[in-house]
Amino acid sequence: LTLMGDLRKAIDEDLLELYFQPQICCKENKVTGIEALLRWNHIQHGFIPPDEFIPIAEKTGVINLVTEWVLDKALEKISELSQQGYNIAIAVNISAVNLREKQFPTLVLAALTKYRVSPHLLVLEVTETAMMEDPENAMLILTTLNHLGVRLSIDDFGTGHSSLAYIKKLPVHEIKIDRSFVMDMDDDGDDSIIVKTTVNMCHDLGYQVVAEGVETSGSSDSLRAMGCDFLQGYYLARPLPFSDLVSWLDESPWGENTKTGLTKMQ
Ligand code: C2E
Ligand code: CA
Ligand code: CA
């Protein structure tokens, strides 16, 4: 409870930070997306990983404030990038709790409007498990978000209690293969088969596929050969603070290919 009090305070005082991890489009060899990842450096306890504080925030309802803060910051930064000539989508992680809030789509729309970001540049990442907690409400909220033009991605695919029959009914655009399969692809033949089969199945069902946890040139090559659409992982870039992300984009060939404007705004 004390930690949650501190988290509320950190949100109020703007002490949380967002890191950004690029996603590369294999076909175009450019950055087409960035995932926003939350960082909390606690004044007394130091760095607390999101895996530790997000589940508590979900149980106590503080997650609604967290998601609101992340959406606001993520869209602010994506609009800054677009002013610099980078036309990139931003992926934000949302939780099961958000999918129970009828007001959630209104909140998303307000943030998009505030920063004048086109809805198709926002991707919401949801886990299968989150959706299965309350499938009917999730369906309702995700359908409304889809009507707004927001894109939907299924996170950690392959680890949850998935029901493809259910996912198929949702307005899903993209599937993210869980990093546990991708990280071991080089050494584990079974994982490689799982990834390859998932890519094919998702394509046949009309989804685009992101592989996360790409840590080696070997897995990057294999994923490209399998026809995977997007790559994300330490091999390409670690999650970076915003200023480092901008330098990375300015310096990397993938960033260069991403620039849409002729000149960069000063
Ligand atoms: P996730 O959504 O699956 O995010 C991907 C995680 O994989 C991130 O961990 C990222 O740093 C890590 N990662 C990226 N590339 C690699 C790689 O090549 N190898 C390995 N080993 N790891 C890689 P992170 O930032 O610690 O986040 C952990 C989880 O916390 C996220 O998993 C997500 O579920 C949750 N999370 C993070 N930020 C938010 C947020 O803003 N809202 C919500 N609701 N959850 C968040
Ligand atoms: Ca994610
Ligand atoms: Ca994931």
Side-chain angles (χ1 to χ4, degrees), residues 7 10-11 16-24 33-41 47-78 89-101 104 107-108 111 122-131 133 151-160 162 172 174-187 191 195 198 209-220 223 228 230-242 244-245 248:
L7 184 57
I11 295 169
L16 298 180
E17 227 189 318
L18 268 195
Y19 272 44
F20 300 88
Q21 189 176 34
Q23 298 172 344
I24 310 285
I34 296 178
E35 180 172 6
L37 293 159
L38 193 55
R39 296 290 176 262
W40 182 19
N41 213 344
F47 175 70
I48 308 179
D51 277 338
E52 276 177 33
F53 70 83
I54 295 280
I56 315 176
E58 287 176 333
K59 280 199 195 101
T60 51
V62 184
I63 191 70
N64 289 319
L65 292 174
V66 172
T67 306
E68 199 174 333
W69 186 90
V70 172
L71 263 174
D72 186 86
K73 283 286 171 296
L75 291 173
E76 180 189 16
K77 294 303 179 197
I78 216 67
I90 185 93
V92 169
N93 292 286
I94 62 168
S95 98
V97 180
N98 301 127
L99 294 179
R100 289 200 288 264
E101 294 287 322
F104 184 62
L107 192 143
V108 171
L122 177 64
V123 181
L124 295 178
E125 296 194 2
V126 197
T127 64
E128 309 158 68
T129 318
M131 290 184 305
E133 274 185 28
R151 291 170 61 83
L152 188 67
S153 176
I154 306 295
D155 207 353
D156 303 345
F157 186 76
T159 58
S162 43
V172 170
E174 173 189 285
I175 303 281
K176 284 186 93 169
I177 305 179
D178 190 67
R179 60 184 191 268
S180 58
F181 302 112
V182 177
M183 279 161 55
D184 295 335
M185 269 176 71
D186 286 344
D187 309 315
D191 279 348
V195 172
T198 308
V209 185
V210 184
E212 62 176 11
V214 181
E215 293 187 343
T216 61
S217 63
S219 60
S220 167
L223 287 157
C228 184
F230 307 100
L231 308 180
Q232 179 182 348
Y234 296 166
Y235 174 65
L236 304 144
R238 290 196 169 246
L240 301 163
F242 188 69
D244 291 0
L245 171 82
W248 183 90

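Since the model is a prediction, treat every value here as computed from it, not as a measurement. One-based numbering along the sequence shown. We count ligands from 1, going down the list as the structure has it; atoms in each ligand are counted the same way.
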Checklist line | Gap separating the CD1 atom of I24 from the OH atom of Y235, nearest 0.5 angstrom | finding: 10.5 Å
Check: To which protein heavy atom is atom 10 (C) of ligand 1 closest, and what is the distance rounded to 0.1 Å?
Finding: L37 CD1, 3.8 Å
Notebook entry, point to check: For the atom pair CG (L152) and CE (M131), what is the distance rounded to the nearest 0.5 Å?
Noted result: 7.0 Å
Notebook entry, point to check: Centre of F242's six-membered ring, under 6.0 Å away, within 45 degrees of the axis: is that where NZ or CZ of K77 sits?
Noted result: yes
Next item on the list: Please determine which of L240, I90, L37 meets the side chain to side chain contact (heavy atoms under 4.5 Å, CB included) test together with F20.
Entry: I90
Checklist line | the Ca ion (ligand 2) to E35: nearest N/O/S atom name | finding: OE2
Item checked: Interfacing atoms of ligand 1 (cut-off 4.0 Å, heavy-atom, P239) -> 11 (O)
Note to self: Could you identify the single nearest non-hydrogen protein atom to atom 20 (C) of ligand 1 and state the distance to 0.1 Å?
What the structure shows: E215 OE2, 3.2 Å
Notebook entry, point to check: Where is the nearest protein heavy atom to atom 5 (C) of ligand 1: which residue, which atom, and how far?
Noted result: R179 NH1, 3.6 Å
Item checked: Distance-minimising heavy-atom pair for N93 and E125 -> OD1-OE1, 3.2 Å
Next item on the list: May I ask you to check if ligand 1 and L38 share an N or O to N or O distance below 3.5 Å?
Entry: yes
Notebook entry, point to check: For ligand 1, which atoms have a heavy atom of Q21 less than 4.0 angstrom away?
Noted result: 14 (C), 15 (N)
Margin query: Pairing donors with acceptors under 3.5 angstrom, does anything connect the side chains of S219 and D186?
Written below: no
Margin query: Please list, in number order, the atoms of ligand 1 under 4.0 Å from a heavy atom of D156.
Written below: 3 (O)
Notebook entry, point to check: Are any side-chain N or O atoms of D72 and backbone N or O atoms of W69, one a donor and one an acceptor, separated by less than 3.5 Å?
Noted result: no
Check: Under 4.0 angstrom from ligand 1, any heavy atom of R39?
Finding: yes
Next item on the list: Would you indicate whether the side-chain heavy atoms of T198 and F181 approach each other to under 4.5 Å?
Entry: no
Item checked: the Ca ion (ligand 2) contact by N93, N, O or S atom under 3.0 Å -> yes
Next item on the list: Please report which non-hydrogen protein atom sits nearest to atom 34 (O) of ligand 1, along with the residue it belongs to and the distance in Å to one decimal place.
Entry: D51 OD1, 4.6 Å
Check: Which residue owns the protein heavy atom closest to atom 44 (N) of ligand 1, what's the atom, and how far is it?
Finding: N93 O, 3.6 Å
Check: Among side-chain atoms of T127 and D156, is any donor-acceptor pair under 3.5 angstrom?
Finding: no
Note to self: With heavy-atom distances below 4.0 Å as the criterion, list the atoms of ligand 1 near G233.
What the structure shows: 15 (N), 18 (O)
Next item on the list: Please round to the nearest 0.5 Å and tell me the distance separating atom CG of D51 and atom CG of L38.
Entry: 11.0 Å
Margin query: Applying the side chain to side chain contact (heavy atoms under 4.5 Å, CB included) criterion to T67, which one of L65, I63, N64 satisfies it?
Written below: I63
Next item on the list: Please work out whether any backbone atom (N, CA, C, O) or any side-chain heavy atom from C-beta onward of D155 is under 4.0 Å from ligand 1, and answer side chain, backbone, both or neither.
Entry: side chain
Note to self: Looking at K73 and E17, is any side-chain nitrogen of the basic one under 4.0 Å from a carboxylate oxygen of the acidic one?
What the structure shows: no
Notebook entry, point to check: So, E35 versus Q23: side-chain donor-acceptor pair below 3.5 Å or not?
Noted result: no
Notebook entry, point to check: Got a second to check how far K176's NZ is from F157's CZ, nearest 0.5 Å?
Noted result: 14.0 Å
Check: Counting only heavy atoms on the protein side, is anything nearer than 4.0 Å to atom 42 (N) of ligand 1?
Finding: yes
Checklist line | Contacting atoms of ligand 1, where contact means under 4.0 angstrom from a heavy atom of E35 | finding: 2 (O), 4 (O)
Next item on the list: Might you point out which heavy atoms bring E128 and G158 nearest each other, and give the distance in Å?
Entry: OE2-N, 3.1 Å
Item checked: Which residue and heavy atom of the protein sit nearest atom 16 (C) of ligand 1, plus the separation -> Y234 CE2, 3.2 Å
Next item on the list: Please could you name the atoms of ligand 1 that V70 approaches to less than 4.0 Å, counting only its heavy atoms?
Entry: 41 (O)
Item checked: Nearest-neighbour protein heavy atom for atom 35 (C) of ligand 1, which is reported as residue plus atom name and distance -> P50 CB, 4.2 Å
Notebook entry, point to check: Do any protein N, O or S atoms sit under 3.0 Å from the Ca ion (ligand 3), and which ones are they?
Noted result: D155 OD1, D156 OD1, E212 OE1, E212 OE2
